[in-house]
Amino acid sequence: MITVTLIPGDGIGPEITHSLQTVFSAAKAPIKWDVQEAGLDGLEKTGSLVPDSVFESIEHNRIALKGPLATPIGKGHRSLNVMLRQRYDLYACVRPVKSIPGITTRYTQVDLVIFRENTEDLYAGKEVQISADEAHSLKVITRQASTRIAQAAYDYAVANHRQQVTIVTKANIMKLSDGLFLEACREVSKHYPLIKTSEILVDNLCMQLVVDPSRFDILLTENLYGDILSDLAAGLVGGLGFVPGANLGTETAIFEAVHGTAPDIAGQDKANPTAMLLSGVLMLRHLQLNDVADRIENAILSVLSDPNVITVDRGGSVGTQALTQLICRALGA
Ligand code: NAI
């Protein structure tokens, strides 16, 4: 048994992490959960947004799976997600975005992997209030962080037989910061002559993705562009309910869906747990538990390929619990 820290999180987090625990148990995955409350729900129960026990658990287990955590808009505490990524130096945010058979969209052949630098850029938290009418945010780009996310992307490309890495910037405008990111990525690309490298400006990429996402393979980018592109790309394959993610560092890894707490549907059995379940599959593969990862993934895909199974976010009536039960049945439980 491998012990994993499980943070249910806020909003729909408890519903989708419960779904994940149910499916993992049906698949007899050799995972023991160390459940830790954090976020606003944790605040009510423990008096702290992130109690020390959460850090102790992550530092002990080194692998965590988390539901989304709420961040107040325009005021209040800093993002706990950003804090965790910076604290554990989870520099590579990896998000596979793939068309799912049975989830019909305008696109049939989306197979992207977004590599998002996860520790700096405008998310470094360096903001200054100059006056009541002026505020500045500092965009921090370093060669070191740019180089290691580029290396992660190219290593992944080689290991997973991918063809192309596209470096995404706005280096025509931010010549120094995005220029440095681009230069660092170009430097890394020279060591991978078998992988095709292309470059694109982020605004053009948004248009190209909506027109024909099948042209792209791995997208290598900074923190903010990666965040926005992740949601855009999720829309290409059916929505946020379908896209998983991993935050990888050298010592610690935290797996989570791309989406947030979805407060508009929380507590109503409407959340699509697929993104969370696929994040769990990524975690199992990271732990080299490939057999059980394949079984769970195949069960999810076979259930979703049934035209009668339409989740609530797709306009149907199959809620969180019903989908969970169907997947458990597909696993033979
Ligand atoms: P969101 O991703 O929570 O929701 C956007 C839209 O997608 C909503 O209409 C929601 O109902 C829908 N949606 C999201 N996930 C879904 C799922 N699994 N099934 C069905 N529908 C789903 O983004 P929003 O509203 O901008 O953010 C809400 C909160 O989440 C904020 O406090 C934000 O800071 C936080 N957040 C946390 C993240 C994390 O913990 N990694 C990531 C993104 C946002």
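Every heavy atom of this structure was used, including side-chain atoms; hydrogens, water molecules and symmetry mates were not. Please read these numbers as outputs of a predicted model, since none were measured by experiment. The residues of the chain are indexed from 1 along the displayed sequence. Order of appearance sets the numbers: ligands from 1, and atoms from 1 within every ligand.
- With 3.5 Å as the limit, one finds a donor-acceptor pair spanning the side chains of Thr142 and Glu120.
- In this structure, a donor-acceptor pair under 3.5 Å is present between the side chains of Thr166 and Ser198.
- For residues 270-290, every residue pair satisfying the salt bridge (charged side-chain N to carboxylate O under 4.0 Å, His left out) rule, not counting sequence neighbours, is listed here: Arg285-Asp294, Arg285-Glu297.
- In this structure, ligand 1 sits under 4.0 Å from heavy atoms belonging to Ile12, Lys66, Pro68, Leu69, Ala70, Thr71, Asn81, Arg85, Leu240, Gly241, Glu256, Val258, His259, Gly260, Thr261, Ala262, Pro263, Asp264, Ile265, Ala271, Asn272, Asp313.
- Side chains of Thr3 and Asn61: no donor on one and acceptor on the other come within 3.5 Å.
- Using modelled atom types and a 3.5 Å distance limit, the side chains of Asp212 and Tyr107 yield no donor-acceptor pair.
- Linking ILVMFWY side-chain heavy atoms closer than 4.5 Å, directly or via other members, places Leu90 and Leu65 in two distinct hydrophobic clusters.
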